[in-house]
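Shown below is the structure under consideration.
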Amino acid sequence: MNKNSKKVRIMAIVLAIFLALTFILPAFSMLAGAEGLPEAAPTVEPTAEPTTAPTVEPTAEPTTAPTAAPTAAPTVAPTAVPTAAPTVAPTAVPTAVPTVAPTAAPTAAPTAAPTVAPTVAPTAVPTAAPVATPDILDECIIDTTKTVFIQSYEITDDDGDEMTTVNPGDNVRIKFNVVDNRISYINTPPQRIRARMAQGAFINNDADDVSYRIQSVGKVDGRSVLAYSVTFKDVTYQGGVPDVSFDVSYINKVNGSDVPLAVPYTLLTQKITQAVDDIPEPKIILNSANYGGVAYIEKPFTLSTVATNTSEYADLENVSVRVELPSGITMAGGNSQVLIGEVDKKGTIKHNFSLIVTGVENGVTNLPVKIVYDFEAYVKGVRTTYSTEQTVAINIEQETKFEISKLDYMESITQGEENVISVYLINKGKTTVNNVTVEIECDMVNGPQTVFAGNILPGTEGLADVYFTVNDTGTATGKIIVTYEDTKGKQFTMEKAFTTEVMEAYYPTWDEPVIDMPMEEPQQGMPGWAWIVIVVAVAGAAAAAVVVIKKRKAKMMAEDEDEDI
C-alpha cells in the first residue's frame, strides 16, 4: 500500500467519525428525550421544522426533559397549537425558535408558542396589506406653451330648455365646453377643476352652484388632453355687452393635501349671441308720502314713504333714502339718511321719517320736503351710480285751541218759565275761529235753540246766551253743542253736558172768600191857590233871568266893538 492510499483511508476514518458525532449521537439523544415525553411530542411536533432540530439539540440536556414535560404539555398544547401554527409559521418561526431553544428545548417549546404568536401576527399583517394610491394628477404633463379655449357653449332656462333670446333680467344656465391643451392626463376627477365667473353683464348669483364634467375629445398631436364642461346654474343677465368671462384653475393632490396645479390662471371670454343689449336706465319712483294731511306747528309728525324700483331688468345695490328739509322743519328723531341695501327688480322701498315743524312765516301754509334716493346698478356691463328725487308739499297749520271754558245756568228752574244758559268760550290758539254757533240739545226743551256767536279772535273770549223753556218736571239732562270753522273752512264740533232740576209751577186759586177792608180817608193836601202862587213866582224868576242874560250879552258886544276900534 502506498502512501497515498494510507492518507485516503485516514481521511475516510476521520470523516466517518465526524459524521458519527454530527448525526448519529444527536439522533440517539433525540430518541432518549422522546421516551421521556410521551404526551408532549404530538403537540409540539407541528411547530418544529425538521431543519431546526440539528441546531437546537446539541445545547439541550436530556435530563431536563422528564421534569418540564409533565407540567407544560397538558396546559399549553391545546391552546397554542391551533392559533400559532397558521399565523406564525410562515413569518415568525425561523427567527423565534433559535432564541428560545438554547435555554430549554423540552420546556421552552410549549411556552414560546403562545407568547410569540399573538404579538408578531397582528403587527406584521396590517403593515404589509395597504397599497399606496398614487396622486390623481401625478401622471399629468404640463406644457404652458399650449392654449386653453372654449370649444362651445349652451344657454338654457331653469327647466333646461334652450333659449334663443336672453333679455336683461332673465335667469339662465350656461354650459361651457373647455379644452385645455396645456395638460396631458389620464382620469382626472371633475372635483379638481375650479372656475370663477368675473363680474360683468352676466352675474353669477351663487358661486358654489357650479358643476363640472369630464369629456373626451381624443388625442391632440398624439397626446390625451384635458377636456371638460363647466355649468354655471344661476346666472342673471343685467344688460350691456353680452360677454361672459371666467377663469379656470386645477387642484392637485400631494401627500394627501390639495395643492394648486402649476398652470397659470387663464381668463376665458365668450360672447353670448342670444343676449339682447337693450335696457333702460333704472329709476326709483315715490308712490306715496303720507303724513296725515296736516302738520301742526311744534307738534311731531311721521312722514311715511313708499317707493318702487321701476326696472324690470336690473337689481339695485347700495340703495339709500334721505330727506332734504326746508327752514321751519327739522328731524324730531332718527337720521335724515338711511341705507336700505339691495332692492330687487320691481322691488318696494318703505321708510318713515320723524319730523317736526318749528315755525313758519306769516301766511306760509306749506313747506317743500325732498325725498332723495341714491343707488347703484349694472347697466350695459358697467356699474353706474344714480340718484332720483321727488318733492312732497307739507301742509302747515297752527293747531286750533278753542274750548268751552264754562257753562253758567240755574241748577233748579221752574216748569214753563224761560231760562238761560250762558256759554263762555275761549280761543287759546293763534288763529281766528270763525262762524261759531251754540246750540242746546235736550229732550225736555221745546225745539232746538241756537245762537250765532260769530268769529272769535286769537287770545279772546266769547259769550253766548241760550234761552230755553222746559214744560215737564223732573231732571233735565242735555248738552251744549258748539260748532266752528278754522281758517281753511274745516268744521269742528265740541260738546259740554249740563243737568238741572225742573220744579212744578205754582198758580194761586181764586175760589177763596174775599175779605172787605176798611177804606182810609184821603189826607188833605196843599190848597189850590198855593200852587198858583208857586207857579207865578217861578215864571217871574225865569223872566228876570232872561233879562239879566240879555243885558250881559249886550254889554259884552259893546266891549268887543270898543276893542276892535
Side-chain angles (χ1 to χ4, degrees), residues 281-311 316-344 347-377 384-403 405 425-434 455-461 484-494:
E281 291 186 353
K283 293 182 180 179
I284 295 178
I285 293 182
L286 184 65
N287 295 333
S288 65
N290 184 20
Y291 59 95
V294 176
Y296 295 104
I297 298 175
E298 298 180 355
K299 187 174 182 180
F301 67 97
T302 299
L303 176 61
S304 301
T305 62
V306 180
T308 300
N309 171 18
T310 61
S311 178
L316 308 183
E317 301 178 2
N318 298 325
V319 179
S320 66
V321 57
R322 71 178 188 274
V323 287
E324 295 182 356
L325 302 175
S327 176
I329 298 181
T330 61
M331 297 295 299
N335 298 320
S336 61
Q337 183 170 4
V338 178
L339 179 64
I340 303 298
E342 297 182 357
V343 178
D344 296 335
T348 300
I349 305 167
K350 297 181 180 181
H351 189 70
N352 297 337
F353 294 96
S354 181
L355 308 176
I356 186 171
V357 180
T358 56
V360 295
E361 297 179 359
N362 294 332
V364 175
T365 58
N366 63 71
L367 292 174
V369 172
K370 286 184 180 180
I371 310 296
V372 183
Y373 294 93
D374 300 315
F375 58 94
E376 296 178 354
T384 307
T385 300
Y386 298 91
S387 181
T388 60
E389 67 177 40
Q390 290 170 281
T391 301
V392 179
I394 305 298
N395 185 22
I396 306 297
E397 290 187 9
Q398 183 68 248
E399 186 176 9
T400 301
K401 298 180 180 179
F402 188 48
E403 300 176 359
S405 59
L425 305 169
I426 183 170
N427 183 2
K428 295 181 178 180
K430 297 181 180 181
T431 58
T432 300
V433 177
N434 302 319
N455 302 336
I456 301 177
L457 298 176
T460 62
E461 288 184 324
Y484 62 95
E485 297 176 357
D486 62 9
T487 55
K488 294 188 176 182
K490 186 177 180 180
Q491 194 173 75
F492 299 88
T493 300
M494 56 184 177

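Heavy atoms only: backbone and side chains are in, while hydrogens, waters and symmetry mates are out.
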State, without any angle test, whether Asp374 and Ser387 hold a side-chain donor-acceptor pair at a distance under 3.5 Å. yes
Looking at Thr391 and Lys370, what are the two nearest heavy atoms and their distance? OG1-CG, 3.8 Å
In Å, rounded to the nearest 0.5 Å, how long is the span from CG of Asn352 to CG of Leu303? 8.0 Å
Taking side chain as C-beta onward, heavy atoms only, is Pro282 less than 4.5 Å from Leu316? yes
Report yes if some heavy atom in the side chain of Val294 is under 4.5 Å from a heavy atom in the side chain of Lys299; otherwise report no. no
Looking at Glu324 and Arg322, does any basic side-chain N land under 4.0 Å from a carboxylate oxygen? yes
Shortest non-hydrogen contact from Ile426 toward Phe402: O-CD1, 3.2 Å
For a quick test of reading the model, state the closest non-hydrogen atom pair linking Leu425 to Met494 and the distance between them. CD2-CE, 4.3 Å
For the pair Ile285 and Gln390, evaluate side chain to side chain contact (heavy atoms under 4.5 Å, CB included) and give the outcome as yes or no after the intermediate values. CA-CA 8 Å; Ile285 293 182; Gln390 290 170 281; 4.1 Å; yes
Heavy-atom side-chain proximity of Glu376 to Thr384 below 4.5 angstrom: no
Are Thr400 and Tyr484 close enough that some pair of their side-chain heavy atoms sits under 4.5 Å apart? yes
For the CG atom of Asp344 and the CG atom of Asn309, what is their distance to the nearest 0.5 Å? 8.5 Å
Do Thr432 and Asn455 pair up side chain to side chain, a donor and an acceptor below 3.5 Å, judged on atom types alone? no
Taking all heavy atoms of Val357 and all of Ile329, pick out the closest pair and write down the distance. CG2-CG1, 4.1 Å
Taking it one step at a time, do Val343 and Tyr373 satisfy side chain to side chain contact (heavy atoms under 4.5 Å, CB included)? CA-CA 12 Å; Val343 178; Tyr373 294 93; over 6 Å; no
Are the side chain of Ser354 and the backbone N or O of Ala332 linked by a donor-acceptor pair below 3.5 Å? no
Any donor-acceptor N/O pair, Thr358 side chain to Gly328 backbone, under 3.5 Å: yes
Neighbour count above 12 (heavy atom, 6.0 Å) for Glu317 CD: yes
Value rounded to 0.5 Å, distance of CD in Glu281 from OG1 in Thr310: 10.5 Å
NZ (Lys401) and OG1 (Thr431) are apart, to the nearest 0.5 Å, by 10.5 Å
Measure across Met331 and Val323 and return the closest heavy-atom pair with its distance rounded to 0.1 Å. SD-CG2, 4.0 Å
Mark yes or no for whether Thr388, through its side chain, and Ile284, through its backbone, hold a donor-acceptor pair below 3.5 Å. yes
Could you check whether the rings of Phe375 and Tyr386 sit parallel, tilted or perpendicular, using 30° and 60° as the cut-offs? parallel
State the CG-CD distance between Asn427 and Glu403, to the nearest 0.5 angstrom. 9.5 Å
Any chance you could measure Phe353, atom CZ, to Ile371, atom CD1, to the nearest 0.5 Å? 5.5 Å
Can you list the steps and then say if Ile297 with Ile396 is a side chain to side chain contact (heavy atoms under 4.5 Å, CB included)? CA-CA 7 Å; Ile297 298 175; Ile396 306 297; 4.0 Å; yes
